[in-house]
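One structure below.
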Amino acid sequence: MSRTKNTFAPVVAVDARASLWKRVVKARSIYLFILPTLLYFLVFSYIPYYGLTIAFKDFRIFSGLAASPWVGLKHFEGMFTSPDFARLVRNTVLISTYRIVFGFPVPILFALLLNEVRHMTYKRVIQTVTYFPNFLSWVVFGGIVLVFIQPTGIVNAVLSELGLPRVNFLTSTRNFVPMLVVTDIIKGFGFGAIIYLAALSGIDSQLYEAAVIDGAGRLKQTWHVTLPGIRPTIVIMFILSLGNVMSAGFDQIFVLYNASVYRVADIIDTYVYRIGLQNARYSLGTAVGMFKGVIGFVLIFVANSIIRRTGEYSLW
Amino acid sequence: MRTKTALTGSSQGVAGVAPAATLGRLRRNPLWAEIIIYSILLVAGVITLLPIVVVFARSLSPSYIIARYPLLLWPRDVTLEAYQYVFQTNTLTRSFWITVFVTVMGTSLNLAFTIPGAFGLSKTHVPGNRILMGIIVFAMLFHAGIVPTYILVNRLGLLNSLWSLIIPVLVSPFNVILMRNYFWSVPLELEDSAKIDGASDFQVLVRIIVPLSKPAIATIGLFYAVSHWNDFFRALFYITDNTKWPLQLLLRSIVINSNFQNMGAVDSGREAFVNPENIKAASIVFATVPILLVYPFLQKYFVKGIMLGAVKG
């Protein structure tokens with residue numbers, strides 16, 4: 001018995017290996033298709049992972065990474081004890097939270113309203129107009145925003161016309177962040193509605209018929225049919241935005257901020273750029289960036305496992 | 001790797017348009033509700049359109065008009081002075097062509113990598129497929145950060161080269177996944193029958209998959225093109241030589257920092273007549289018009305792309 005087993009098992013193994021090898025050889029042209037993409041990721045995503053060791057060294061750009069001396073957690077200690085760091089994390093999380101609290105519902109409400117419109121031309125015109133700013137860069141849209149909010153801008157002209165005090169949105173630590181949130185909503189709410197419109201069009205209209213037969217009015221239909229119908233989409237979009245909490249919108253903030261609002265508007269990414277690249281403190285910049293990357297990864301990972309638990313959908 | 005993700009959550013997809021005639025009447029809102037809904041949407045439309053109208057009006061108006069009427073909705077005393085200035089200095093047109101180069105070259109290379117890559121990765125039966133996808137998904141979820149990437153680009157000698165705006169973003173993992181999902185919708189029978197006729201994998205890709213995936217390729221090509229066109233922070237990081245600045249970076253210095261030095265030799269006599277506000281507005285319009293020209297395609301294909309991601313997952 002044992003003899004047959006012994007002779008039998010390896011044969012299977014060899015066979016499996018042979019067939020695996022055969023499958024690999026048969027698919028060799030498929031690997032060739034993937035190779036350039038794979039090389040790209042290895043070079044531009046995985047070599048920078050090795051570059052993370054900069055955070056554990058006193059990196060000198062001219063001697064190179066290998067020759068720079070190890071310093072252990074020195075830069076992380078410096079980072080965690082620095083008063084800058086607490087401020088950065090607080091600003092990043094706060095700005096993201098405001099964006100979620102005030103910005104997240106807007107595209108949903110907008111999609112619900114658009115969904116009520118039966119006049120197709122009107123609907124299309126509104127969609128065309130509101131989607132547009134999404135395609136502008138933050139440099140261009142920021143330039144447009146400045147026309148309105150700078151000290152001599154339109155908003156202040158209107159305020160003084162009304163006899164109200166002028167507001168400097170760009171240097172006031174009280175007004176800067178609300179300004180960020182509002183302008184970001186204006187730029188993105190139209191386009192953000194598309195995904196919900198897609199979900200809305202997928203709701204079975206028989207559900208509405210049944211609701212009508214049960215005597216449900218428009219609001220009740222929205223509450224009992226429409227919202228449950230798009231709830232999975234809302235949940236996924238919400239969790240995705242939670243996964244993005246550590247990036248509070250570099251482009252927008254970088255274009256609009258200045259030293260007088262660093263106290264409220266300096267986020268992790270802007271700090272890493274200023275300290276890590278402009279001031280060439282590479283090791284500290286890498287440490288702070290790595291902190292962001294790790295937390296961001298954990299957030300998206302936890303978010304995805306929550307999605308998996310809630311239903312059959314997941315992000316990957 | 002679970003890929004049957006349904007962002008819409010609805011198992012029906014976009015199906016199920018009911019007997020609209022009867023239902024339409026039942027689902028109609030009372031008049032007052034209709035008025036409120038249409039008005040809110042109108043306000044939303046005005047809020048997004050107004051800023052662009054104002055900037056356009058400013059770009060065509062002389063400075064004393066802008067000073068007198070801050071909220072200018074229509075150009076008065078129309079003048080092309082600002083545009084003349086913008087085109088005369090050559091710097092904006094130069095950076096425009098730089099951006100055109102980066103966008104066209106970048107997008108072509110993006111597609112040249114993404115299409116075969118996604119095609120290869122769509123063959124899930126191939127050994128190692130899960131590992132390869134894992135490598136790409138991990139790269140999507142965990143970024144090493146700004147500094148290590150900068151050091152790498154520096155080491156590769158790409159600083160101050162336009163290739164630094166192209167090569168570090170050759171493939172977007174998100175777009176690979178999107179395109180791979182689309183390729184799954186191409187009927188396998190077509191591929192199989194071509195194979196029986198002796199076609200190689202390469203011929204299958206070029207003769208069957210690509211022609212059948214034109215809408216998806218257009219969508220993803222536009223995703224890439226818009227991100228190249230609007231990209232400014234990569235140039236901010238990697239390009240310090242301002243003669244190589246792409247449009248967005250030059251615009252930033254003009255429109256945001258009010259720095260007109262970079263616009264080249266300033267004709268001191270002229271500058272007195274031209275209010276920087278209308279130059280800024282003209283520069284913004286200059287950068288927006290190309291987007292406006294392709295906007296019908298953008299809207300069509302971006303919406304499709306979102307649906308693609310949403311419905312097919």
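A, B, ... follow the sequence lines: proteins, then strands. Residue 1 opens every chain.
Heavy-atom distances place no part of B:I115 under 4.5 Å from chain A, backbone and side chain included. For a residue to count as touching a neighbouring chain, one of its non-hydrogen atoms must lie under 4.5 Å from one of that chain's; by this rule A:I126 touches chain B with the side chain only. Heavy atoms of A:L146 lying under 4.5 Å from chain B belong exclusively to its side chain. Both the backbone and the side chain of A:T128 come within contact range of chain B, judged by heavy atoms closer than 4.5 Å. Contact annotation for A:Y196: neither backbone nor side-chain heavy atoms come within less than 4.5 Å of a heavy atom of chain B. Contacts of B:V46 with chain A are absent, with no heavy-atom separation under 4.5 Å from either backbone or side chain. Of the two parts of A:I47, only the side chain, counted from C-beta on, holds a non-hydrogen atom closer than 4.5 Å to a non-hydrogen atom of chain B. Both the backbone and the side chain of B:F142 come within contact range of chain A, each with at least one heavy atom under 4.5 Å from a heavy atom of that chain. Both the backbone and the side chain of B:A139 come within contact range of chain A, judged by heavy atoms closer than 4.5 Å. Proximity to chain A (any heavy atom under 4.5 Å) is shown, for B:L247, by neither the backbone nor the side chain. If you measure heavy-atom distances from A:F250 to chain B, the contacts under 4.5 Å come from the side chain alone. Of the two parts of B:L152, only the side chain, counted from C-beta on, holds a non-hydrogen atom closer than 4.5 Å to a non-hydrogen atom of chain A. Neither the backbone nor the side chain of B:Y69 comes within contact range of chain A; no heavy atom of the residue lies under 4.5 Å from a heavy atom of that chain. For chain A, the nearby parts of B:L42 are the backbone and the side chain; heavy atoms of each come within less than 4.5 Å.
Under the 4.5 Å side-chain criterion, counting only non-hydrogen atoms from C-beta, A:F110 is not in contact with B:I40. In this structure the side chain of B:V171 never reaches within 4.5 angstrom of the side chain of A:F44, judged on heavy atoms. Contact annotation: the side chain of A:F254 approaches that of B:F232 to within less than 4.5 Å [non-hydrogen atoms, C-beta and beyond]. Annotation: side chain of B:L50 is in contact with side chain of A:F148 (closest heavy-atom distance under 4.5 Å). Residues A:L113 and B:Y38 are not in side-chain contact: their nearest non-hydrogen atoms beyond the backbone lie 4.5 Å or more apart.
Using cut-offs of 30° and 60° for the angle between ring planes, the B:F138 and A:Y49 rings count as perpendicular.
The only member of A:I268, A:T286, A:V288, A:L277 that meets side chain to side chain contact (heavy atoms under 4.5 Å, CB included) when paired with B:I146 is A:L277. Remark: of the listed residues B:L298, B:T48, B:I52, B:I52 is the sole one forming a side chain to side chain contact (heavy atoms under 4.5 Å, CB included) with A:F132.
Smallest separation of non-hydrogen atoms from B:R155 and A:L65: NH2-N, 4.3 Å. When all heavy atoms of B:V255 and A:G143 are compared, the closest pair comes out as CG1-CA, 3.2 Å. Smallest separation of non-hydrogen atoms from B:P127 and A:R23: CG-CB, 3.8 Å. When every heavy atom of B:P148 is checked against every heavy atom of A:P48, the shortest pair comes out as CB-O, 3.6 Å. Nearest heavy-atom pair across B:V126 and A:A27 is CG2-CB, 3.7 Å. The two atoms that bring B:E277 and A:Q150 nearest to each other are OE2-NE2, 3.3 Å, heavy atoms only.
For the options A:G293, A:A157, A:G289, heavy-atom pairs under 4.5 Å to chain B are most numerous at A:G293. With chain A as the partner, the residue from B:V226, B:I284, B:D231, B:V153 showing the most heavy-atom pairs under 4.5 Å is B:I284. Among the candidates B:A112, B:P173, B:P296, the residue making the largest number of heavy-atom pairs closer than 4.5 Å to chain A is B:P173. Among the candidates B:L170, B:V55, B:I47, the residue making the largest number of heavy-atom pairs closer than 4.5 Å to chain A is B:L170. No other option in A:W138, A:Y131, A:F189 has as many heavy-atom pairs under 4.5 Å with chain B as A:Y131. Between chain A and the residues B:N154, B:V54, B:L236, the largest count of heavy-atom pairs under 4.5 Å involves B:L236. Ranked by heavy-atom pairs under 4.5 Å with chain B, the first of A:N258, A:V272, A:I54, A:V117 is A:V117. When B:L251, B:L132, B:I136, B:L49 are compared by the number of non-hydrogen pairs under 4.5 Å with chain A, B:I136 comes out ahead. Considering only heavy-atom pairs separated by less than 4.5 Å from chain B, the leading option among A:I186, A:V140, A:D251, A:V24 is A:D251. Heavy-atom pairs under 4.5 Å with chain A were tallied for B:N129, B:I135, B:V176, B:L71; the largest tally goes to B:I135.
The CG atom of A:D269 lies 8.0 Å from the CZ atom of B:F233; values are rounded to the nearest 0.5 Å. With values rounded to the nearest 0.5 angstrom, B:H143 atom NE2 is found 8.0 Å from A:S45 atom OG. Taken from CG in B:L205 to OG in A:S29, the straight-line distance is 10.5 Å, to the nearest 0.5 Å.
Crowding of B:F297 atom CZ: a count of heavy atoms from other residues, nucleotides or ligands under 6.0 Å not exceeding 12. In B:R234, the CZ atom is crowded: over 12 heavy atoms of neighbouring residues, nucleotides or ligands sit closer than 6.0 Å.
With hydrogens and angles disregarded, a donor-acceptor distance shorter than 3.5 Å links the side chain of B:N230 to the backbone of A:F135. Using a distance-only test at 3.5 Å, with no hydrogens or angles considered, no donor-acceptor pair links the side chain of A:Y282 to the main chain of B:I151.
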Show which side-chain atoms of residues 32-42 of chain A pair as donor or acceptor with protein atoms under 3.5 Å away, not counting sequence neighbours.
{"residue": "A:T37", "atom": "OG1", "partner": "B:F113", "partner atom": "O", "Å": "3.0"}
{"residue": "A:Y40", "atom": "OH", "partner": "B:P168", "partner atom": "O", "Å": "2.7"}

